Amino acid sequence: MTTTRLFAIAFIWVTSTVAWFILGTSVTSRSGQFDGHLSAEVAKLWGGPQRQTAPSAFVVRPVDVTETVQEPQLDGRSVTRKITRTVSEEFALPLDSSRVSVDLGLQHRQKGLLWYDTYTVAFKATYMITNPDDVDRPIVARLQFPSNEAIYDEFSVRLNGVEAPRVSDLARGVEVRARIPAGGRVPLEVRYMSRGLDEWSYALAPSGVTQVRDLVVTMTTDFDAVDFPPGTMSPTTMTRTPRGRNIEWKFSSLVTGQAIGMDLPDRTNPGPLAARITFFAPVSLLFFMTVLVILGILSDETLHPMNYAFLSAAFFAFHLLLAYMVDHVNTHASFVASAATSIVLVVSYLRLVAGMRFAVRRAGVAQLVFLVFFSYAFFFEGYTGLTVTIGSIVTLFVLMQATARVDWSTVFRRPVRA
């Protein structure tokens, strides 16, 4: 092995890295362009992220209002008079208690190249409202819809048994009014079924900090991988069920500006996954070349730089085939087919160059570890870095032990064997 050959091999690695960068950028661009367009289409078809706000309640009281008016006279002068009249004004009421039940069902939907975490939600809540006055008063309750683009099935809002009038505008929400006896404590019942995308949250107030009394929110899911969006509270209890999770938020007197929510679990998207694997490819090729070079030095059977150029092309074939196959075939099937294609290219080529033993036992095993195993680690989100790190350390240990007694000054003066 000579220094010139090492520089030639390094140049081949750099050239391959540029090619992988161009391919990875292309895949990322395609996924990003589709995501912005398709996400809006999914939101229109299925519904967007939902944020349900707690209802607001008001008591209507008569209030005397004094106004100053100018009345013109026959002689052209004007006389100022004060007129008192009675008007109705609304005064905010707190919710005595809140019992909210949410059932989330995950239903991933595919649009184009990407998967979207859509869901169904069954919302049911009972709020208690008290008339604080010593006479009968009209009580008004208002509820805003969590999304103006969603659909609401089995929708019902009742205040003390009085059904809310027909909804004419989703943006304006719904209002129900009932007359409550003095000191009366009546329920406000809300229920509906809807569909959304990405996140569902329950806000205790439209904005700012609020105080809530006797709050219990129970959420059931049919998935186990739960996550809570930023700006939301952690639950007080969470238990596993055969169906998924049972989560509860329970507070007797709470002052907060945070909401309660759930971030639906994502499904692996083939486009971004293929892009991440492609951008990592130079690391895999570097390990592969290093192992072949060192093993060649130890056995005095080194490959020519042109051989490494063809091997790099075989590595690139894996990522190129994967990038375009995932558009039409299952992600795992695409990975297996691409990996098999690349391994066949390498083994069949090196079989003619250096023999079957070298092709299978050295190059084939190295490609299986550094290309297939390292790339498949990207399917395990959260463990990819750890998996690659452990594999790298093991490889380093093996190479260090194998070359500890090598006299490198002699190796680089040794003529290349034909």
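Just so we're clear, the structure is a prediction, and the values are computed from it rather than from any experiment. Reckoned from all heavy atoms, side chains included, excluding hydrogens, waters and symmetry mates.
- When every heavy atom of Thr130 is checked against every heavy atom of Gly183, the shortest pair comes out as CG2-O, 4.1 Å.
- Of the inter-residue distances, the one linking His319 atom NE2 with Phe279 atom CZ reads 11.5 Å to the nearest 0.5 angstrom.
- Within a 6.0 Å radius of CZ in Arg185, other residues, nucleotides and ligands contribute more than 12 heavy atoms.
- Looking at Met219 and Trp200, their side chains come closer than 4.5 Å, going by heavy atoms from C-beta outward.
- Side-chain atoms of Thr256 and Phe251, non-hydrogen and from C-beta on, never get closer than 4.5 Å to each other.
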Exercise for review: Show the numbers, then the answer: is there a side chain to side chain contact (heavy atoms under 4.5 Å, CB included) between Asp117 and Tyr119?
Suggested key: CA-CA 7 Å; Asp117 42 323; Tyr119 61 86; over 6 Å; no

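- Looking at every heavy atom in both residues, Pro49 comes nearest to Ser147 through O-CB, 4.2 Å.
- The 12-atom threshold is not exceeded at CZ of Phe11, counting heavy atoms of other residues, nucleotides or ligands nearer than 6.0 Å.
- For the pair Ser284 (side chain) and Phe370 (backbone), a donor-acceptor distance under 3.5 Å is present.
- Enclosure of atom CZ in Phe21 is not indicated, since only 12 or fewer non-hydrogen atoms of other residues, nucleotides or ligands lie within 6.0 angstrom.
- Side chain of Ser342 to main chain of Phe318: no donor-acceptor pair is present (N/O by atom type, distance under 3.5 Å, no hydrogens or angles).
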Point to revise | Step-by-step side chain to side chain contact (heavy atoms under 4.5 Å, CB included) determination, Ser16 to Phe316 | key: CA-CA 8 Å; Ser16 302; Phe316 186 80; over 6 Å; no

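- Checked options Thr221, Asp222, Asp224; the residue passing with Arg245 is Asp224 (criterion: side chain to side chain donor-acceptor pair (under 3.5 Å)).
- Using a cut-off of 4.0 Å between Lys/Arg side-chain N and Asp/Glu carboxylate O, Glu189 and Arg191 are scored as not salt-bridged.
- Atom CD of Gln367 sits about 4.5 Å away from atom CZ of Phe315, to the nearest 0.5 Å.
- Other residues, nucleotides and ligands contribute at most 12 non-hydrogen atoms within 6.0 Å of the CZ atom of Arg361.
- A heavy-atom distance below 4.5 Å is found between the side chains of Gln52 and Leu143.
- The main-chain N or O of Glu248 is found under 3.5 Å from a side-chain atom of Thr236 such that the two form a donor-acceptor pair.
- To the nearest 0.5 Å, atoms CZ (Arg142) and CG (Leu188) are separated by 12.5 Å.
- The heavy-atom pair separating Met262 from Pro229 by the smallest distance is N-CD, 3.7 Å.
- Phe374 CZ to Ser392 OG: the interatomic distance, rounded to the nearest 0.5 Å, is 4.0 Å.
- Residue Arg213 qualifies as open at atom CZ: its count of foreign heavy atoms under 6.0 Å is 12 or below.
- For the residue pair Ala377 and Thr384, the shortest heavy atom distance occurs at O-OG1, 2.9 Å.
- The shortest side-chain heavy-atom distance between Val326 and Phe335 does not fall under the 4.5 Å cut-off.
- Between the side chain of Asn131 and the backbone N or O of Ile180, at least one donor-acceptor pair lies under 3.5 Å.
- A donor-acceptor contact shorter than 3.5 Å is absent between the side chain of Ser375 and the backbone of Val372.
- For the pair Gln50 (side chain) and Arg195 (backbone), a donor-acceptor distance under 3.5 Å is present.
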Exercise for review: Evaluate the criterion side chain to side chain contact (heavy atoms under 4.5 Å, CB included) for residue pair Leu292 and Leu311; output intermediate values, then yes/no.
Suggested key: CA-CA 11 Å; Leu292 288 191; Leu311 294 178; 3.9 Å; yes

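- Between Pro55 and Leu95 the shortest heavy-atom distance is O-CD1, 3.7 Å.
- Side-chain atoms of Thr220 and Asp103 form a donor-acceptor pair, as typed in the model, at a separation below 3.5 Å.
- Counting only residues at least two apart or in different chains, salt bridge (Lys or Arg N to Asp or Glu O under 4.0 Å) contacts with residues 124-133 comprise Arg61-Asp133, Asp133-Arg137.
- Put simply, CE on Met325 and CG on Leu320 are 10.5 Å apart, with the number rounded to the nearest 0.5 Å.
- Although no hydrogens or angles enter the test, the distance criterion places no donor-acceptor pair under 3.5 Å between the side chain of Tyr349 and the main chain of Ala359.
- How far OG1 of Thr232 is from CD1 of Ile260: 9.0 Å, rounded to the nearest 0.5 Å.
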Point to revise | Steps toward side chain to side chain contact (heavy atoms under 4.5 Å, CB included) verdict (Val100, Phe123) | key: CA-CA 8 Å; Val100 181; Phe123 182 85; 3.5 Å; yes

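- Taking all atoms of both residues into account, the shortest heavy-atom contact from Ile12 to Pro305 is CD1-O, 3.0 Å.
- The shortest distance between side-chain heavy atoms of Leu254 and Trp249 does not fall below 4.5 Å.
- Of the possible donor and acceptor atoms, none in the side chain of Ser88 sits under 3.5 Å from a partner among the backbone N and O of Pro62.
- A distance-only check finds a donor-acceptor pair linking the side chain of His108 to the backbone of Pro265 [under 3.5 Å].
- Taking the side chain as every heavy atom from C-beta outward, Tyr376 and Thr387 never approach each other to under 4.5 Å.
- Within the 4.5 Å cutoff, no side-chain heavy atoms of Val353 are placed close to those of Phe310.
- You'll find the side chain of Asp214 stays beyond 4.5 Å of the side chain of Asp96, heavy atoms only.
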